[in-house]
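Reviewing the structure listed below.
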Amino acid sequence: MTQAQPQNQQKSQPHTHHRTITLANGCFWCFDAVVRRARGVIDAVSGYIGGHVDNPTYHQVCSGTTGHAEAVAVTYDPDMIPEHVILGMFFTTHDPTSLNRQGHDVGTQYRSAMFYQDQDQKERFQRAIDQAQQFYDRPIVTTLEPLSTFFPADNVHQDFYTRNPGNGYCSFVIDPKLAQARRQWADWIQ
């Protein structure tokens, strides 16, 4: 498999009206499965961001030595789905109080992080963290990091849940997260 070319999301908006936000909350297969089913989401791309190696492979990122986080770049139509709903789904589908760990996935590559494009987005992300804090007894450890080069993962990782319905990870990890998101965001998730 060849590694996909990196994307600089500040320059690659698919339509002037669409917006893209990049979020990391553990294994990218989980959040990808949720946002792909959200009304108003145009695209979701699983990939790597926030590290120091160009064109990292999945195995390099999983080693925890590249500094990258597994993330999803979510492109959406703000007239159909507001940013705060996507951010709510982000917090619903992981434990933002767990440092560098989601379930059995451990390492900085599984950190909870929001990658901001500009100061305004950074402030919106901080407000989302502050609002979400009321639902947790422990402090949220989600980091705010500047948007850097996003490297799409290989095709095998794109829309993994839909293409691998019998996979054990999908059944035991993603299905419960998707069910929770559907309960909490029923008006938005198909």
Heavy-atom donor-acceptor pair, [X] side chain to [Y] backbone, under 3.5 Å:
{"X": "Gln121", "Y": "Gln117", "result": "yes"}
{"X": "Asp77", "Y": "Gly40", "result": "no"}
{"X": "Gln102", "Y": "Asn25", "result": "no"}
{"X": "Lys177", "Y": "Thr93", "result": "yes"}
{"X": "Arg182", "Y": "Gln190", "result": "yes"}
{"X": "Gln60", "Y": "Thr57", "result": "yes"}
{"X": "Asn167", "Y": "Tyr169", "result": "yes"}

Side chains of [X] and [Y]: does their closest heavy-atom pair fall under 4.5 Å?
{"X": "Ile174", "Y": "Trp29", "answer": "yes"}
{"X": "Leu147", "Y": "Asp118", "answer": "no"}
{"X": "Ile81", "Y": "Met89", "answer": "yes"}
{"X": "His17", "Y": "Asp79", "answer": "yes"}
{"X": "Phe125", "Y": "Ile21", "answer": "yes"}
{"X": "Tyr161", "Y": "Leu178", "answer": "yes"}
{"X": "Thr142", "Y": "Phe91", "answer": "yes"}
{"X": "Val45", "Y": "Val72", "answer": "no"}

* Who pairs with Arg101 by side chain to side chain donor-acceptor pair (under 3.5 Å), at least two apart in sequence or on another chain? -> none
* To do: Show the numbers, then the answer: is there a side chain to side chain contact (heavy atoms under 4.5 Å, CB included) between His94 and Ser112?
  => CA-CA 8 Å; His94 80 298; Ser112 176; 2.7 Å; yes
Can you tell me how far apart [atom1] ([X]) and [atom2] ([Y]) are? Round to the nearest 0.5 Å.
{"X": "Gln131", "Y": "Ile140", "atom1": "CD", "atom2": "CD1", "result": "10.5 Å"}
{"X": "Ser46", "Y": "Phe150", "atom1": "OG", "atom2": "CZ", "result": "7.0 Å"}
{"X": "His104", "Y": "Cys27", "atom1": "NE2", "atom2": "SG", "result": "13.0 Å"}
{"X": "Arg39", "Y": "Trp185", "atom1": "CZ", "atom2": "CH2", "result": "12.5 Å"}

* To do: Kindly determine whether Gln109 and Ser63 satisfy side chain to side chain contact (heavy atoms under 4.5 Å, CB included), including the steps that lead there.
  => CA-CA 8 Å; Gln109 66 272 28; Ser63 74; over 6 Å; no
Same cluster for [X] and [Y] if Ile/Leu/Val/Met/Phe/Trp/Tyr side chains link at under 4.5 Å?
{"X": "Ile86", "Y": "Met80", "result": "no"}
{"X": "Phe90", "Y": "Phe135", "result": "yes"}
{"X": "Leu99", "Y": "Met114", "result": "no"}
{"X": "Phe115", "Y": "Tyr110", "result": "no"}
{"X": "Val141", "Y": "Tyr136", "result": "no"}

* To do: For residues 125-138, pull every pair meeting salt bridge (charged side-chain N to carboxylate O under 4.0 Å, His left out), keeping only residues two or more places apart or in separate chains.
  =>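 Salt bridge (charged side-chain N to carboxylate O under 4.0 Å, His left out) check on residues 125-138 returns Asp95-Arg138.
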Check salt bridge (Lys or Arg N to Asp or Glu O under 4.0 Å) between [X] and all other residues, then give those that pass, not counting sequence neighbours.
{"X": "Arg37", "result": "none"}
{"X": "Arg163", "result": "none"}
{"X": "Glu123", "result": "none"}
{"X": "Asp120", "result": "Arg124"}

* To do: Give a yes or no on whether the ring-centroid distance for Tyr48 and Phe28 is below 6.0 angstrom.
  => yes
* Arg111 bridged to Glu145 by N-O distance under 4.0 Å ->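 Looking at Arg111 and Glu145, the cut-off is met.
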* Is Arg36 paired with Asp32 through a side-chain N to carboxylate O contact shorter than 4.0 Å? ->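 Yes, Asp32 and Arg36 are salt-bridged.
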* Worked verdict on Asp54 versus Phe151 for side chain to side chain contact (heavy atoms under 4.5 Å, CB included) -> CA-CA 8 Å; Asp54 286 340; Phe151 299 95; 3.9 Å; yes
* Asked: More than 12 foreign heavy atoms under 6.0 Å from NE2 of His52: is that the case here?
  ->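 Buried by this count: over 12 neighbours within 6.0 Å.
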* If we ignore angles and hydrogens, is there a donor and acceptor under 3.5 Å between the side chains of Asp43 and Tyr76? ->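 Asp43 vs Tyr76: no donor-acceptor pair found between side chains.
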* Indicate whether any N or O donor in one side chain lies under 3.5 Å from an N or O acceptor in the other, for His68 and Thr66. =>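 His68 vs Thr66: donor-acceptor pair found between side chains.
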* Asked: Hey, mind stepping through Arg19 and Thr75 against side chain to side chain contact (heavy atoms under 4.5 Å, CB included) and telling me if it holds?
  -> CA-CA 5 Å; Arg19 296 188 185 145; Thr75 301; over 6 Å; no
